[in-house]
Amino acid sequence: DCPGTGSGQAGRAVACQGCPNQRLCAAGAAAPDPAEAGELRERLRGVKHTVLVLSGKGGVGKSTFSALLARGLAADEAKQVALLDVDICGPSIPKMMGLEGEQVHQSGSGWSPVYVEENLGVMSVGFLLSSPDDAVIWRGPKKNGLIKQFLRDVDWGEIDYLIVDTPPGTSDEHLSLVQYLGAGHIDGAVIITTPQEVSLQDVRKEINFCRKVKLPIIGVVENMSGFVCPKCKNESQIFPPTTGGAEKMCQNLNVSLLGKVPLDPLIGKNCDIGQSFLSEAPESPATSSYRDIIQRIQEYCDQHHFQEEKSI
Amino acid sequence: LAGRSNLAGVQHVLLVLSGKGGVGKSTISTQLALALRHSGRKVGILDVDLCGPSIPRMFRVQDSDVHQCDSGWVPVFVDQDKSISLMSIGFLLEKPDDAVVWRGPKKNALIQQFVADVAWGDLDFLIVDTPPGTSDEHLSTVEALRPYKPLGAILVTTPQ
């Protein structure tokens, strides 16, 4: 019996031998089935704005940015914010939000997100591990299955902003997210980079990925953009932008540069201890950069909503 | 398997791993290769980061092409000395900014080819640079390399 083209067994089950579609299925059309995608979108009907945080490159500050974006948006108590961490191999969000050791609870209406504040809920595979050092060594199809569960089984409720933190790359997790959520239902992607060419070359691929799957790009954030010494106030380029940094790349590719955030050791420190850098270091130049960027993202989402309403 | 395996002339296989991205795996792989060359060794680097291949640019050979020979693919030599050779998906892309948007099974197929079909010749060390995570690429690489008894893995991190 055909396991279904969307199943993890697609192309690999005993019944697949001799099926004309076997090669295609086995080559990884282990992709979401459109009927399921429809069902998921129903489940997420209460979500007003969805923002994906992406980067081709690892270690540039996606999770850091996602956490601060969520906290920044949730500072307005009238807004309901949700942060979904789909980095299944390296989930950083629980630690950054001070939620390590928390467990996910089930209720009649689904899985309950873990709440940092009344208006800020978080979900991550990190909450499902029995120990924080457990390695999740899963191949693509199993990762897709969990992402689907997060979108289908978490009881998000009515949310103003759903922020989705992703792992580096352009693979299963990214494809599945866009396919399950539907590119047309995502307000856009915020793409994170650092100034050096080794990062930019991966980020250009990410920009091309977004264009390929018709995912709007809200803009690019350049992290680790210079360091001002707190003692002598001299500025250093720790990661020199040898090819013009994000600014040049954005000009060349016609995407918006949302802002540049300088290095501040307090950012990493607060992430490690699960506190909000924005609250703990309100005077840091990095804080005002983050706040400006968050505001631009909010403005983009408000405009997007307005345009959607107009078209209805 | 006809004839001699492409890895038969490789003395030691080393993997460079980290759970985390952006900690310097490719940088360390590159510097390690250069240091080994400096001490008179022949080194190859196999870059199995299919989404974000950094190795070609680190040796300034990002515009090189890969050619075929009887035993498979010829690795890209970094200079006339031929003491460092490389293989990466970066050499196979038509345009450097093309995104490789593949799901696991397709990535696995290429990694198996990379391990079996690159004609490395005689090497003192083959360094395998990996992407962040613990997923398809890592499982496939370890499975494909197992018969060649890798020396071990170097794990890279940053302090936080």
Side-chain angles (χ1 to χ4, degrees), chain A residues 10-12 25-31 55-62 87-90 92 133 135-144 167-176 194 197-213 224 253 265 267-269 271-272, chain B residues 17-27 29-30 48-60 62-63 88-90 93-111 130-143 155-160:
Chain A
R12 279 177 277 269
C25 286
S55 180
K57 188 95 184 89
V60 294
K62 286 176 292 311
D87 187 342
I88 293 174
C89 296
S92 303
D133 298 342
V136 176
I137 316 174
W138 292 356
R139 289 191 181 277
K142 203 164 170 187
K143 291 197 279 188
N144 297 335
T170 48
S171 188
D172 287 89
E173 297 89 329
H174 312 87
L175 276 169
S176 294
T194 46
E197 177 57 25
V198 166
S199 296
L200 298 174
Q201 72 178 0
D202 289 348
V203 169
R204 286 188 203 102
K205 293 186 207 296
E206 198 73 19
I207 291 173
N208 279 325
F209 165 78
C210 291
R211 291 189 166 148
K212 224 172 174 173
V213 300
M224 308 188 201
L253 296 179
I267 299 174
K269 186 173 173 194
C271 284
D272 273 8
Chain B
L17 303 173
S18 180
K20 189 98 183 89
V23 295
K25 290 177 289 309
S26 298
T27 305
S29 299
T30 299
V48 300
D49 188 340
L50 304 182
C51 295
S54 303
I55 294 290
R57 173 168 281 273
M58 288 192 175
F59 287 94
R60 292 200 288 196
Q62 62 270 28
D63 296 327
S88 167
I89 200 178
L93 300 173
E94 265 192 43
K95 278 176 275 163
D97 299 341
D98 279 346
V100 171
V101 186
W102 293 354
R103 288 187 182 277
K106 204 165 168 185
K107 292 199 277 188
N108 299 337
L110 183 64
I111 287 177
T130 63
T134 47
S135 186
D136 288 273
E137 295 89 330
H138 310 87
L139 283 166
S140 299
T141 301
V142 169
E143 274 166 25
L155 286 122
V156 185
T157 186
T158 46
Q160 73 274 36

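All chains are named by letter (A, B, ...) in the order of the sequence lines, taking the proteins before the strands, and each is independently numbered beginning at 1.
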- Message: If the condition is side chain to side chain contact (heavy atoms under 4.5 Å, CB included), which residues does A:Ile137 pass it with, not counting sequence neighbours?
- Response: A:Ala135, B:Thr134, B:Leu139
- Message: Applying side chain to side chain contact (heavy atoms under 4.5 Å, CB included) to A:Ser55 and A:Val203, what does each step give before you reach the verdict?
- Response: CA-CA 6 Å; A:Ser55 180; A:Val203 169; 3.8 Å; yes
- For chain B, find which of A:Lys205, A:Arg211, A:Gln201 contributes the most heavy-atom pairs closer than 4.5 angstrom. A:Lys205
- By a 4.5 Å heavy-atom criterion (distance strictly below it), what part of A:Lys212 contacts chain B: side chain, backbone, both, or neither? side chain
- Message: Quick check on B:Pro131 against chain A: is it the side chain, the backbone, both or neither that has a heavy atom closer than 4.5 Å?
- Response: neither
- Message: Heavy-atom cut-off 4.5 Å, strictly under: side chain, backbone, both or neither for B:Pro96 against chain A?
- Response: backbone
- Note on the structure: If one checks every heavy atom of B:Leu50 against chain A at 4.5 Å, the contacting part turns out to be neither
- What pair of heavy atoms forms the shortest contact from B:Leu17 to B:Lys25, and how long is it? C-CD, 3.8 Å
- Message: Can you tell me which portion of B:Val23 sits under 4.5 Å from chain A's heavy atoms? Options are side chain, backbone, both or neither.
- Response: neither
- Could you check which of B:Gly90, B:Gly21, B:Gly19 has the highest count of heavy-atom pairs closer than 4.5 Å to chain A? B:Gly21
- Message: Please give me the minimum heavy-atom distance between B:Glu137 and B:Val48, naming the atom from each residue.
- Response: CG-O, 3.9 Å
- Note on the structure: One option among A:Ser199, A:Gly90, A:Ser171 has the most heavy-atom pairs under 4.5 Å with chain B, and it is A:Ser171
- Largest heavy-atom contact set with chain A, pairs under 4.5 Å, which of B:Pro132, B:Ala109, B:Ser140: B:Ser140
- Evaluate the side-chain proximity of B:Val100 to A:Phe209: yes if any heavy-atom separation is below 4.5 Å, no if none is. no
- Item | Which of B:Gly104, B:Gly52, B:Gly133, B:Pro159 touches chain A most, by non-hydrogen pairs under 4.5 Å | B:Gly52
- Pairing residues for B:Pro56 by the side chain to side chain contact (heavy atoms under 4.5 Å, CB included) criterion, not counting sequence neighbours: B:Asp47, B:Gln62, B:Ser88, B:Phe91
- Item | Contacting region of A:Lys269 [heavy-atom separation from chain B under 4.5 Å] | neither
- Item | Which portion of A:Val136 sits near chain B, non-hydrogen atoms under 4.5 angstrom | backbone
- Heavy-atom side-chain proximity of A:Asp202 to B:Ser54 below 4.5 angstrom: yes
- Engaged part of B:Asn108 at the chain A interface, taking heavy atoms whose separation is under 4.5 Å: side chain
- Query: Using non-hydrogen atoms only, which part of B:Ser26 is less than 4.5 Å away from chain A: side chain, backbone, both, or neither?
  - Reply: neither
- Message: For B:Lys95, which atoms come within 4.5 Å of any heavy atom of chain A: side chain, backbone, both, or neither?
- Response: neither
- Spacing of NZ belonging to B:Lys107 relative to CZ belonging to A:Arg139, to within rounding of 0.5 Å: 10.5 Å
- Salt bridge or not for A:Asp172 and A:Lys143, using N-O below 4.0 Å? no
- Query: With only heavy atoms counted, which part of B:Asp97 is less than 4.5 Å from chain A, the side chain, the backbone, both or neither?
  - Reply: both
- Query: Between A:Glu197 and A:Lys57, is the closest basic N to carboxylate O distance under 4.0 Å?
  - Reply: no
